[in-house]
Every structure is written in structure tokens, then in C-alpha cells.
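Notes follow the structure.
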There are 2 protein chains.
Amino acid sequence: MPEAQYPEIRALGLFAEMAEANFLSLMRGAYVQNFPPHIELISEGEPSDFLHVVLSGSVDLFSTWNGRDTSLATVRPISTFILAATVKNAPYLMSARTLEKSRIVLIPSQDVRAIFDVDGSFARAIVTELAQCYRSVIKAQKDLKLRTSLERLANYLLRYQKRAGGAAAFDLDFEKRRLASVLGMTPENLSRAFKGLQPYGVTVEGTRIAIADQADLERFARPNPLIDDHST
Amino acid sequence: MPEAQYPEIRALGLFAEMAEANFLSLMRGAYVQNFPPHIELISEGEPSDFLHVVLSGSVDLFSTWNGRDTSLATVRPISTFILAATVKNAPYLMSARTLEKSRIVLIPSQDVRAIFDVDGSFARAIVTELAQCYRSVIKAQKDLKLRTSLERLANYLLRYQKRAGGAAAFDLDFEKRRLASVLGMTPENLSRAFKGLQPYGVTVEGTRIAIADQADLERFARPNPLIDDHST
DNA sequence: ATGGCGGCTTGACAAATATCAAGCGATCCG
DNA sequence: CGGATCGCTTGATATTTGTCAAGCCGCCAT
């Protein structure tokens, strides 16, 4: 892959501290690829040949069973996905598809495992990354098991608002049907859930969401850092 | 803690490969404690002072929000819990309570982090453990989002049967109300779900479960290694 | 033994959620 | 400019799940 892109990868927590020689060795086997929207990058059950790094665009991690499917997470730049499968040399548990045009680095999994075996800094960085991922899924699990769909939506909107800069109005930059899937409900029920939040000052016009009174919505949503703060 | 117990801890994947000196250093700060049943060991939100290792008994990991609560996992000997919080030096995301009389090792988190910084083997072992935990939660998440409660119960019984030795009849060694919570339903609905599995040959008498025709139940349950095989 | 107590089950009912069908309103393309 | 397509919304209805109340049963302690 072109050396021009090394710095932005090197800047990732995962690669920042490792020995230069090992980093270069990883990069030598890696390559960057541009994908159009809606391309399936990997399928669950396949062997984990590559660690993926999203440089631009976004990727949907989803899973299928018995004719149903569900979105489990969205990967945004700049971060990696399927690290756990790579280090365990186990099959992917989720499939991945681009949501939009995306630039993605592919690093052969065996290289990652080889360097991981010899570079303690890299191993420690992987620990931090995995611990972060683990805690995020636990939070998602709590969200799903402890809250109703209306509460999940309310808290999602509050998180999204914060990430979008905190303004009272903001745009959803992806399809509502995906949001429904992420939140564990049907698109029809998402529509109704938005209506159900009107009494708390939420208005929707197309992709534009407005929160009239944040404190009011929070009184209903009861956000909790142990579920909603995805930075710790 | 008594040196007599070092070997069984040392035998854990997490501690097997690390340098002897570092292992001893970890053990020096650790201590074993016996807990009666139904004791809350840790509460979510607290700082993660200790890495826990269950030597005997069993521990329920659960979480609470807005007056509701849910069981997220059961820890059985010999394994650790709250490793992620320990390495990230972040608050616990789950509470833990003993289900029965349990012997538990407490290792100060700061010792774990200190050794983790200097012992590459230990760091690598932590990676493997965390990757395993991560993948388990992803599987639980898929189970919850892709299956109905009846399907979850059916697959749970098949997994439990396999773990209990594969016999057609076996005993549930914990309360059904906990099973209901683990499966994300109410005790009342668990009762009804058991009845709903009767047409597939499942019979229940107290804690005793019998699966008349495993193939029949599997036709309904459609177990999938990417959800139900917790060993990879 | 026997009187509570707790967990489990059952039934009736309520609430939440999914499904099905139809219509609306953008956008894309011939 | 139609006309088709696709995602979203809405209403009607079915299914699933939760809630409440009552009763059952085994267990423990007096």
C-alpha cells in the first residue's frame, strides 16, 4: 500500500506504540482498497483472513439466522473491525458491508498474529482495543435487555446528538430501516416510536431530528453512563 | 494467599505462560476468600479494584437500570471475570453475586495492570481471554436479536445438555427465574415456553429436563455454531 | 407434624411489538 | 414529462410478551 497513508494508520491507538520495524512489516503485506456502497466485504462463518481498517466511509456489521437479519454495529473512520476473529484465528461472527463508498485497509491476519507474538507493545494495544470493544457490546446488551424500544430510541437520539456536536437539531446520516435494525425493532415500529417521543419534544422531518427540550427527553430516557457512554 | 492454591490458578490459560517471577508477584498481593450464597461481590459503577477468579461455586453477573434487572452471564470455575474493567481501569459494567457458596481469588487490579505492562506473555494471554469474552457476548447478542424466546430456550437446552454430558435427561442446577432472566424473559413466560416445547419432545418435572428426540428439537431450534458454540 | 415462605405455574388480561396491506412522496430514468 | 421504484408512514389486525392475581407445592423451621 502507498506509504502516504501510513501516518493515519500509525495514528490509531492500535498501531501507535508498536516498534517501527514491526509496523512497517505489517504495512508491507497490507493493501488499501476502495469499495462502492452496499458491497459485502466479508460473510459470517468465513475464516478471518484480514484485519480491516476503515479509513473513510462506513461499514455495517450484521448477522443473519434462519431468514432474519440484524445490524449489530456501525464502524466509522478511523477504526478497525473483526480484531477478535483475527487474533483467535476463528471464523467471523458477523458479516460486513459498506454503507457508502469506503476506503479500507486489509492487513493479512497471519501477519497480525505473527507480530502480536513478538511485539509486547502491540499486544498491549490489542488488549486495550479488545477491552473497549467488549465493553461496548456489554453496553449494547444491557440497552437491549433493560429497555423498551421507546427508551432505546430516546437514548440513541441523545447519544447521536452528542456525537453530532450537541445541537438541538441534527440529521440522521443513514437509513431509518438500519436504525430500526440496530435498535432491535421493525421499521414500522420505529416510525411509531418517533411519534411516541413527540410528547417529549422530539420532532422528525425526513432525516432531520429536532430535540426541543433536552432535559425533558432525558427525564424520560434516563441515560446512564454505564450503558450510553461508549467512550469508557 | 496459601501457596497450595497456586497450581490451579497457574493452570488457567490466563496465567499459564507468564514468567514465574511475575506470577509470584501477582499471587503475593492476591488473597482467597470464601463467600456464602447470594452475596453481592461487586456493584456496577464501582472502580475495578480486583480481578476475580472463581475457584469453586458460581457467580451471576447482572445489571440494573431504572428498577429493572437482568442476568447477563454465569461464571463457573475455573475462570475470571471483569478482566476488561481491570485492564482499562474503568468502572464495572456489571454487578456480581454468588449463586452458591464460592471460593474466589481477588487479585489487585493495579498489580494486573503493572505486570501486564512488563510481561508480553501475560499481555498475549489477556488478548486471547478478552477475544473469547468478546465473541461470547456477540453470540449472546445475536441470540437475543435474531431469535424468539421459544427459540432461545430450545437452543439453550441443547447447549446445556451438551455441557451436562449429552444425556437425554439432565438437571438444571439453578433457579428457573434466573434462566428466564438470562434468556431475556419473565419467569411466567419461561413456564409457558417450556410448554411450547412439548410438541418437540421436551418434558419438565421440577428441575429435571428430558429431551425425547434430540433431532426433533434441533429441527425446531436450528442451532448454529456461530451463535451456540461458545468454545470458539 | 404443621404453618409459613418462596419459587413455580396457571389463567385472565393488558401492553408491546410484529405483520400485512395500502398509500404517500421523494428520486431516478426512459 | 410520466411512470416506476424505493423507503417511509399509517391503519388494521395478529402475535408475542408482560403484568397481575391466585393457587400449588416443596422446603424449612418452629
Side-chain angles (χ1 to χ4, degrees), chain A residues 36-38 60 65-71 97 99-100 143-157 171-199 202-210 220-221, chain B residues 36-38 60 62 65-71 97 99-101 143-157 171-199 202-210 220-221:
Chain A
H38 309 299
D60 179 35
W65 179 80
N66 206 18
R68 292 160 232 170
D69 67 283
T70 187
S71 284
R97 68 187 150 214
L99 289 168
E100 49 191 314
D143 191 45
L144 207 56
K145 289 185 81 176
L146 289 168
R147 288 171 170 164
T148 66
S149 60
L150 206 57
E151 290 165 343
R152 289 200 297 279
L153 175 59
N155 280 291
Y156 183 93
L157 293 178
D171 279 294
L172 278 181
D173 64 351
F174 58 91
E175 293 178 322
K176 285 185 187 157
R177 55 187 344 220
R178 260 205 78 242
L179 175 56
S181 182
V182 167
L183 294 175
M185 52 177 130
T186 57
E188 292 96 324
N189 267 323
L190 176 60
S191 259
R192 294 186 254 262
F194 271 122
K195 291 212 153 172
L197 290 181
Q198 273 178 13
V202 175
T203 51
V204 186
E205 266 190 55
T207 66
R208 188 117 192 117
I209 314 282
F220 169 74
Chain B
H38 310 299
D60 179 35
F62 66 101
W65 180 80
N66 206 16
R68 291 161 233 171
D69 67 282
T70 187
S71 283
R97 67 186 150 215
L99 288 169
E100 48 191 316
K101 192 167 168 299
D143 191 45
L144 208 55
K145 289 186 80 175
L146 289 168
R147 289 172 169 163
T148 66
S149 61
L150 206 57
E151 290 164 343
R152 289 200 298 278
L153 175 59
N155 281 291
Y156 183 92
L157 293 178
D171 278 296
L172 277 181
D173 65 350
F174 57 92
E175 292 178 322
K176 285 186 187 155
R177 55 186 347 221
R178 261 204 79 240
L179 175 56
S181 183
V182 167
L183 293 176
M185 54 178 129
T186 58
E188 291 96 326
N189 268 323
L190 176 61
S191 258
R192 293 176 188 119
F194 271 122
K195 293 214 151 171
L197 289 181
Q198 273 179 12
V202 175
T203 51
V204 186
E205 266 191 55
T207 67
R208 187 119 192 116
I209 314 282
F220 169 74

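Proteins come first, then strands; the chains are lettered A, B, ... in the order of their sequence lines, and each starts at number 1.
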Q. Side chain to side chain contact (heavy atoms under 4.5 Å, CB included) between L197(B) and L157(B): does it pass, once the steps are laid out?
A. CA-CA 11 Å; L197(B) 289 181; L157(B) 293 178; 4.0 Å; yes

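- Side-chain nitrogen and oxygen atoms of N189(B) include at least one within less than 4.0 Å of the OP1 or OP2 phosphate oxygen of dG18(D).
- In terms of heavy atoms, S71(A) sits closest to R178(A) at OG-NE, 3.8 Å.
- You'll find that the side chain of R192(B) is closest to dG18(D), out of dC8(D), dC8(C), dG18(D).
- Here the P atom of nucleotide dA18(C) and the CD atom of E151(B) are 14 Å apart, to the nearest Å.
- The S149(B) side chain lies nearest to dT17(D) when the options are dT10(C), dG18(D), dT17(D).
- To the nearest angstrom, C1' of dA18(C) lies 15 Å from CG of D69(A).
- When each of L144(A), V182(A), L146(A) is paired with R152(A), the side chain to side chain contact (heavy atoms under 4.5 Å, CB included) condition holds for L144(A) and for no other.
- When the P atom of dT16(D) is taken as reference, atom CG of L144(B) falls 17 Å away, rounded to whole Å.
- D171(A) approaches R208(A) most closely through the heavy-atom pair OD2-NH1, 2.6 Å.
- Rounded to a whole Å, the CG atom of L190(A) is 15 Å from the P atom of dG7(D).
- Of the candidate nucleotides dT10(D), dT17(C), dG18(D), dG18(D) has the atom lying nearest to any side-chain atom of M185(B).
- With dT9(C), dT17(D), dA18(C) as the candidates, the nucleotide lying closest to the side chain of S191(B) is dT9(C).
- Contact annotation: T186(A) side-chain N/O to dT17(C) OP1/OP2 distance is not under 4.0 Å.
- Take the nearest nucleotide of DNA chain C for E175(B) and for K195(B): the residue whose nucleotide is more 5' is E175(B).
- Checking dT9(D), dA12(D), dT17(C) against every side-chain atom of T148(A), the shortest atom distance belongs to dT17(C).
- In this structure, NZ of K145(A) is placed 15 Å from C1' of dT17(D), rounded to the nearest angstrom.
- The NZ atom of K176(B) sits 14 Å away from the P atom of dC25(D) (whole-angstrom rounding).
- On a pure distance criterion of 3.5 Å, no polar donor-acceptor pair joins the side chain of R178(A) and the base of dG7(D).
- Interface remark: the R147(B) side chain does not form any donor-acceptor pair with the dT16(D) base, using a distance-only criterion of under 3.5 Å.
- Between L146(B) atom CG and dA18(C) atom C1' the separation is 15 Å, expressed in whole Å.
- One atom, CG of L183(A), and another, P of dT17(C), lie 12 Å apart when rounded to the nearest Å.
- In terms of heavy atoms, M185(A) sits closest to L153(A) at CE-CB, 4.3 Å.
- Between dG7(D), dG7(C), dT19(C), one nucleotide has an atom nearer to the side chain of E188(A) than all others, and that is dT19(C).
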